Amino acid sequence: MATLDYPLDRPIRRPREWSLSTLFYEWVATVDHKRLGIMYVMSSIVFLVVAGLMATVMRIQLAIPNNHFVAPDTFNRMFTMHGTTMVFLVGMPILAGFANYLVPLMIGTRDMAFPRLNAFGFWIFLFGGLLLYFSYLGGGGLSGAGTAPDVGWFAYSPLTGRAFSRGASTDYWILGILLTGVGSLASAINIIVTTLTMRCPGMTLARMPLFVWMMFLDSYLILVALPPLSACQIMLLADRFLGARFFDTQMGGSAVLWQHFFWFFGHPEVYILIFPGFACVSEIIPVFSRKPIFGRPAMVGAVVAIGFISLGVWAHHMFTVGMTSLSNTFFAASTLIIAIPTGIKLFNWIGTMWGGRIRLATPMLFCLGFLFQFLAAGLTGVMLGVASFDWQLSDSYFVVGHFHFVLVGALLFALFGGMYYWFPKVSGKCLNETLGKWHFWLFAIGFNVTFIPMHFAGFLGMPRRIYTYEAGRGWEIWNLISTIGVPIQIIATALFVANILWTYFKEKEVGDDPWDAWTLEWATTSPPPVYNFEAIPEVRSSRPLWDLKHPEDPDWKYER
Amino acid sequence: MTKRFRRLLALTLSPAILAGLEERRVGNIFQTVATPGDAVRQSAILVLSIAAGIFLVVATVAAYAIFRFRRRPGDDLTEPPQVYGSTQIEIAWTVIPLLIVFVLIGVTARVVAGVQDHPIPKDAIHATVVGHQWWWEIRYPDYGFTTANELHVPVSEKPGETPTVLRLQSMDVIHSFWVPQLAGKTDVIPNRENVMWIDPRETGIYFGNCAEYCGTQHAGMLLKVIVHQKAEFEAWVASQQQVAAEDASAAAGRATFESLACVNCHAIRDTPAQAGHTGRGKFGPDLTHVASRLTLASGVITNTPEHLREWIRDPQVAKPGNFMPAMQLTEQQIKDVAAYLETLK
């Protein structure tokens with residue numbers, strides 16, 4: 001029989017002493033996976049707001065043709081910093097944050113395998129990010145050309161070479177991202193080892209929550225995909241400082257080589273970013289539909305398939321560089337095939353809701369937003385995967401619309417869902433439902449108003465990364481609508497921040513398991529004690545708390 | 001300025017050869033007028049329809065599930081039947097997408113090969129397009145002249161009749177040649193030559209952009225393809241092959257131009273400003289027939305005498321960040337040089 005006590009004893013809470021030394025020990029010297037997780041998430045929210053404000057400036061600039069709101073170089077720095085920040089300082093750390101906080105709790109253990117490596121990973125990410133932003137002060141370098149990097153988040157050579165990128169701004173980009181990359185690798189190794197070695201008794205891989213499965217596979221992808229980026233960044237440093245010629249086309253180097261390296265990292269990176277979204281949704285939809293996930297083995301299989309196939313699709317970012325028709329067709333085929341496991345996941349989520357009793361609370365609303373927007377994002381992805389169609393769409397605003405549907409419409413919605421879902425775990429209090437619903441609806445409206453029109457601007461030939469455009473090209477109306485959506489998103493995000501503060505200071509505690517959930521993190525108190533579990537639990541199925549709550553009909557009877 | 005007025009202005013100012021050509025400013029990828037663009041459009045419409053169909057079906061099912069299985073007030077709080085999955089259903093929703101994907105792969109393979117591996121006829125017109133930060137150098141090796149930013153090609157009455165083959169090269173960083181109504185984009189990469197072809201079947205002035213981020217003025221690297229009737233194309237070629245016009249009334253401006261650093265970057269054929277005399281003159285656009293062009297500064301401003309003078313006075317106003325410096329000329333010098341350039345029809 002399961003030997004799980006539920007709920008566990010409440011830990012004794014001592015009154016807090018506020019002094020510098022407690023602050024230091026609680027938040028700086030800590031190696032507790034939960035605190036590190038919270039710090040990861042908080043710092044990525046700060047970076048999210050900063051990069052979001054940059055996006056706002058860019059949208060104002062593009063609202064009307066021939067606008068002079070910002071100078072060309074300012075705009076170019078902004079889209080570079082916006083993209084770099086969102087990918088490396090928001091997407092990557094927030095996934096590390098979620099994984100750090102939840103993986104040990106979900107597999108019933110007391111901490112990550114390497115707690116100090118964990119702290120190292122967080123701090124090196126944070127200082128890497130700060131180093132990147134320091135370029136605004138220090139990036140002028142000796143020649144005084146430029147401050148922040150203005151080479152795009154993809155930093156295509158030879159634009160990043162000494163000849164075209166003077167000053168030190170590109171070096172800040174390289175070094176800042178190298179450091180955050182080290183942090184991501186540290187955290188990925190930690191998650192892999194923790195998952196493989198520290199699961200509680202009875203938790204076989206087959207019984208592991210889908211969240212953990214997906215974070216595990218995500219970490220594997222990080223481990224495979226990030227080193228090529230670090231490698232080519234070091235090659236670029238060698239070009240810039242040691243007179244190497246890898247990417248220096250004036251001396252026989254190759255501009256296309258950088259693209260292969262970058263996208264060999266960059267495409268798996270897209271999946272690295274979206275897997276945590278899948279992870280959140282795969283936990284939330286079952287609990288709010290009151291049914292187990294539909295087709296669990298297929299779900300795991302699909303993520304494994306995506307993880308492998310995603311390593312062989314990178315050149316679909318390069319259909320326009322003049323590869324042979326055979327290579328173009330190969331990468332189109334591999335890209336389109338990835339739609340199949342992705343579709344399976346989507347169908348399984350719908351299958352989970354089918355026949356359930358769907359509670360439309362805020363976490364679930366965000367997951368439903370995810371479902372529809374991810375469906376749209378996946379289908380525009382199929383369009384981009386058709387190499388010939390991509391010749392028109394590549395580097396157009398259609399692409400901007402597409403990947404914001406993936407990263408905002410899908411990923412950010414899923415993460416918001418996750419934050420509403422696990423906030424009571426972290427704080428003991430449920431985020432305010434009324435504010436939450438306002439947040440959801442305003443954000444969904446603002447998001448769609450901003451990003452749907454971009455697809456049409458792309459159909460009309462609007463290229464990406466232009467700081468302004470002439471009138472009469474058919475783009476004015478789409479850009480104006482797009483900009484109108486921005487204030488709606490800002491209000492929604494402000495409501496979210498207000499909701500966190502309000503709830504944290506004003507709301508009442510709601511108990512350990514407010515959603516009536518089934519995974520192990522809800523078997524301890526909310527918030528959990530430093531040691532997570534008083535006694536390490538033992539599980540017999542993938543829904544240990546269901547077994548406990550329904551002794552008459554436990555899952556382990558049906559699971560092998 | 002209204003669009004109509006601007007068009008009228010452009011017509012009155014440009015040489016007779018350009019009269020009557022319609023401006024196609026909107027690069028709608030679904031209104032293509034050349035074979036490569038058409039091939040892409042047909043595959044695009046197929047893919048769009050399939051995607052729209054899938055979206056409708058899946059979104060409807062999902063919306064129905066949410067509506068039908070939502071918890072209503074007054075529902076009992078018992079748990080619904082716990083269903084773990086169904087192998088048959090999993091197989092069904094694996095196999096059906098697999099079939100759709102195979103269709104898409106087949107279509108892609110056909111269109112890609114059809115455009116990329118298309119044999120180039122021997123009598124095709126050849127142009128070399130060289131990307132610079134931030135303008136386009138356009139060479140016609142068979143005709144022996146160089147121009148900038150506006151690619152002139154003849155119309156093809158039948159598909160593929162008089163295609164133009166473009167050899168794309170870059171002088172500095174990566175650019176991308178994109179005129180959406182004619183063809184998909186092809187990158188313009190240093191230390192590499194890419195080839196594409198177009199056979200527009202309707203005359204007109206087609207607007208495009210550089211489509212790969214290439215630095216400060218990426219947005220100001222505009223592109224035009226001017227499609228002529230065949231006779232008019234030949235007339236245009238003949239006019240471009242002529243030596244630079246000599247106009248005694250512009251002698252002062254010419255003297256100023258040739259005595260200053262202008263010639264370090266700009267060539268004017270058959271004058272001292274041409275390669276070999278006072279400089280190579282390849283860094284900026286060839287000005288031999290600059291007055292025959294529609295625009296200046298790679299499409300950022302229209303080619304009017306007033307714009308030309310403003311451009312010479314300070315190029316950083318119209319196109320901040322571009323590599324042409326303000327030459328600190330006196331008002332008289334500006335007027336003279338502009339008047340000289342105006343004679344280079």
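Order of the sequence lines fixes the chain letters, A, B, ..., with proteins taken first and strands second; residue numbering starts at 1 for each chain. Source: prediction; values computed, not measured. Every heavy atom of this structure was used, including side-chain atoms; hydrogens, water molecules and symmetry mates were not.
- In this structure, the portion of A/Leu368 lying under 4.5 Å from any heavy atom of chain B is its side chain and not its backbone.
- Of the two parts of A/Met251, neither the backbone nor the side chain holds a non-hydrogen atom closer than 4.5 Å to a non-hydrogen atom of chain B.
- Of the atoms belonging to B/Thr87, not a single heavy atom falls under 4.5 Å from chain A.
- With rounding to the nearest 0.5 angstrom, the CD1 atom of B/Ile189 is 6.0 Å from the CD atom of A/Gln259.
- Contact annotation: the side chain of B/Thr216 never approaches that of A/Tyr467 to less than 4.5 Å [non-hydrogen atoms, C-beta and beyond].
- Neither the backbone nor the side chain of B/Glu193 comes within contact range of chain A, judged by heavy atoms closer than 4.5 Å.
- Side-chain contact between A/Gln392 and B/Arg41 is absent, with no heavy-atom pair separated by less than 4.5 Å.
- No side-chain heavy atom of B/Gln116 sits less than 4.5 Å from a side-chain heavy atom of A/Thr324.
- Between A/Phe389 and B/Phe30, the two ring planes are perpendicular [angle over 60°; tilted spans 30° to 60°].
- Atom OG of A/Ser388 sits about 10.5 Å away from atom CZ of B/Arg110, to the nearest 0.5 Å.
- Chain A is approached within less than 4.5 Å, heavy atom to heavy atom, by B/Phe69, B/Arg70, B/Arg71 from residues 67-74 of chain B, ordered by number.
- Heavy-atom distances place the side chain of B/Ser43, and not its backbone, under 4.5 Å from chain A.
- Distance check: B/Lys185 NZ to A/Leu393 CG gives 6.5 Å after rounding to the nearest 0.5 Å.
- Contact check for B/Val112 versus A/Met323: no side-chain heavy atoms found under the 4.5 Å cut-off.
- For A/Trp349, the side-chain hydrogen bond (donor to acceptor under 3.5 Å, both in side chains) criterion is met by A/Ser282, not counting sequence neighbours.
- In this structure, A/Ser394 OG and B/Asp187 CG are separated by 7.0 Å, a value rounded to the nearest 0.5 Å.
- Contacts of A/Phe459 with chain B are made by both backbone and side-chain atoms, with heavy-atom separations under 4.5 Å.
- Both the backbone and the side chain of A/Phe372 come within less than 4.5 Å of a heavy atom in chain B.
- Between B/Glu79 and A/Lys291 there is no salt bridge, since no side-chain nitrogen of the basic residue lies less than 4.0 Å from a carboxylate oxygen of the acidic one.
- Contact of A/Arg473 with chain B is made through backbone and side chain together, with heavy-atom distances under 4.5 Å.
- When heavy atoms are compared at a cutoff of 4.5 Å, B/Trp178 approaches chain A solely by way of its side chain, counted from C-beta outward.
- At least one side-chain heavy atom of B/Val115 sits under 4.5 Å from a side-chain heavy atom of A/Trp391.
- Although no hydrogens or angles enter the test, the distance criterion places no donor-acceptor pair under 3.5 Å between the side chain of B/Arg192 and the main chain of A/Ser254.
- A donor-acceptor distance shorter than 3.5 angstrom exists from the side chain of B/Asn194 to the backbone of A/Val321, with no hydrogens or angles considered.
- One distance of note links CD of B/Glu212 with OG1 of A/Thr320; it measures 7.0 Å at 0.5 Å rounding.
- Looking at A/Phe319, there are no atoms closer than 4.5 Å to chain B (heavy atoms on both sides), in backbone or side chain.
- Taking the six-membered ring for Trp and the full ring otherwise, the centers of A/Trp153 and B/Tyr213 sit at least 6.0 Å from each other.
- For the pair A/Phe347 and B/Val61, the minimum side-chain heavy-atom distance is 4.5 Å or more.
- Within the 4.5 Å cutoff, the side chain of A/Phe294 has heavy atoms near those of the B/Ser86 side chain.
- In this structure, A/Ile337 and B/Ile105 have side chains that are in contact, with non-hydrogen atoms separated by less than 4.5 Å.
- Heavy-atom minimum distance, B/Ala211 versus A/Asp395: O-CB, 3.1 Å.
- Looking at A/Arg465, the atoms closer than 4.5 Å to chain B (heavy atoms on both sides) sit in the backbone and in the side chain alike.
- Distance alone, capped at 3.5 Å, is enough to place a donor-acceptor pair between the B/Asn191 side chain and the A/Gly253 backbone.
- At a 4.5 Å heavy-atom cutoff, the contact between B/Ala63 and chain A is made by backbone and side-chain atoms alike.
- Of the two parts of A/Ser157, only the backbone, made up of N, CA, C and O, holds a non-hydrogen atom closer than 4.5 Å to a non-hydrogen atom of chain B.
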